[in-house]
Amino acid sequence: RAETGNDQNTYGLMTRPNKPFMIGIGGGTASGKSSVCAKIIDQLRYLDSNGRQVVIISQDAFYRDLNEDEKKKAIKGEFNFDHPDAFDYKRMLQTMKDLAASKPIMIPKYNYISCTKEENGVFLEQPDVIFVEGILTFYFKEIRDLFHMKLFVDTDADTRLARRVNRDVLRGRDLEHILNQYTSLVKPAFEEFCLPTKKYADVIIPRGADNTGIYFCLYSFASSSISFFFFFLLSLLFFSSFLAFWL
Ligand code: ADP
Ligand code: C5P
Ligand code: MG
């Protein structure tokens, strides 16, 4: 992070305001949101010679605290973690606003086994690029409007269920719990709350982390500037609309 001393950072040929670039990643459960973010960051480690600090925040860090009744339901897979009301919307919005204003902030760490969060999670100090991933990242308008770019990971439902089963077994849950929760709560909530947010995405990534095409975009991001990256993705969008028009 090259400071110029006048509230501006210089990257290669471009100068931009001292504010982070915020990218939202939405998509159904186990679609590959976390994996896509991790792969992008991994690639940037090799590609980004400007030393930008890129971080991932999961929306799961903003699950609200549960009362005793809700905790009992959660243990049996009967609490709806896929409904917008399961999140502490106000806290997430405030955190996002603080990050957008480059204020240092602590992000809690969520524990899927105890269904609680540890307040002393990850301390973020003025990152340059922030990925925020989660099932309902684009659901709340005020949060959605804070993103400079919105990506939606679009992975087939069977693939997602298979991955979720494997992941939840590793989290110590039994098959009956996992499948009951999925069919009665996760799938209906996906259709009602998550899928309709796909229309807000600037870019839709089919097949999640398997989609190597997205890493091509990273070359322009890392070798030049954030604005150029943005321009590149926009050109990609225009190009696909152009093709759709002709076909
Ligand atoms: P999300 O953040 O959307 O829930 P994750 O990236 O955590 O999704 O992926 C869910 C699970 O599927 C994880 O256990 C991950 O290791 C696995 N996974 C993700 N992408 C792939 C892939 N392309 N091939 C195989 N397994 C994958
Ligand atoms: O990583 P992913 O996007 O799949 O995380 C969101 C999912 O985590 C939701 O579909 C929700 O059902 C699940 N979840 C859970 N138990 C919790 C918290 C979230 O199964 N305690
Ligand atoms: Mg995830």
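Numbering of ligands and ligand atoms starts at 1, following listing order. Here, residue 1 is the first one in the sequence, and each next residue gets the next number.
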Any N, O or S atom of T29 closer than 2.8 Å to the Mg ion (ligand 3): no
Under 3.5 Å: N/O of R164 near N/O of ligand 2: yes
Nearest option to atom 20 (O) of ligand 2, as decided by whichever heavy atom of R171, K71, R173 sits closest: R173
Option whose closest heavy atom lies nearest to atom 4 (O) of ligand 2, chosen from D60, T29, I113: T29
Cation-aromatic face contact R144/Y200, 6.0 Å, 45 degrees: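 Because its charged atom sits under 6.0 Å from the ring centre and within 45° of the axis, R144 does stack over Y200.
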Spacing of K103 atom NZ and L99 atom CG [to the nearest 0.5 Å]: 10.5 Å
Distance, nearest 0.5 Å, that separates NZ of K117 from CD1 of I107: 12.0 Å
Crowding at CD, E176 (>12 non-hydrogen neighbours, <6.0 Å):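 No, the 6.0 Å shell around CD holds no more than 12 heavy atoms from other groups.
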Enclosure of K199 NZ (heavy-atom neighbours >12, cutoff 6.0 Å): yes
Which ligand 2 atoms, with their elements, are less than 4.0 angstrom from a heavy-atom of [X]?
{"X": "I135", "value": "3 (O), 9 (C)"}
{"X": "C115", "value": "21 (N)"}
{"X": "D82", "value": "9 (C), 10 (O), 11 (C), 12 (O)"}
{"X": "A30", "value": "4 (O)"}
{"X": "R167", "value": "1 (O), 2 (P), 4 (O)"}

Of the non-hydrogen atoms in [X] and [Y], which two are nearest, and what is the gap between them?
{"X": "T137", "Y": "V132", "answer": "CG2-O, 3.5 Å"}
{"X": "A30", "Y": "K33", "answer": "N-NZ, 4.3 Å"}
{"X": "P20", "Y": "P127", "answer": "CB-O, 3.3 Å"}

Side-chain touch I41/I56, heavy atoms, less than 4.5 angstrom: yes
Geometric class of the Y63/F87 ring pair [parallel <30°, tilted 30-60°, perpendicular >60°]: parallel
F81 and Y110 aromatic ring geometry - parallel, tilted or perpendicular at 30°/60° bounds: perpendicular
First-shell residues of ligand 1 [heavy atom, distance under 4.0 Å]: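 Its neighbours under 4.0 Å (heavy atoms only) are G28, A30, S31, G32, K33, S34, S35, E133, R163, R167, D210, given by chain and number.
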Closest protein heavy atom to atom 3 (O) of ligand 2, given as residue, atom name and distance to 0.1 Å: K33 NZ, 2.8 Å
Nearest-contact summary for atom 14 (N) of ligand 2 - protein heavy atom, Å: F81 CB, 4.0 Å
Any Y110 heavy atom less than 4.0 Å to ligand 2: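 The answer is yes, since Y110 has a heavy atom less than 4.0 Å from ligand 2.
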Under 3.5 Å donor-acceptor, K198 side chain and L195 backbone: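 Side chain of K198 to backbone of L195, a donor-acceptor pair under 3.5 Å: no, none is there.
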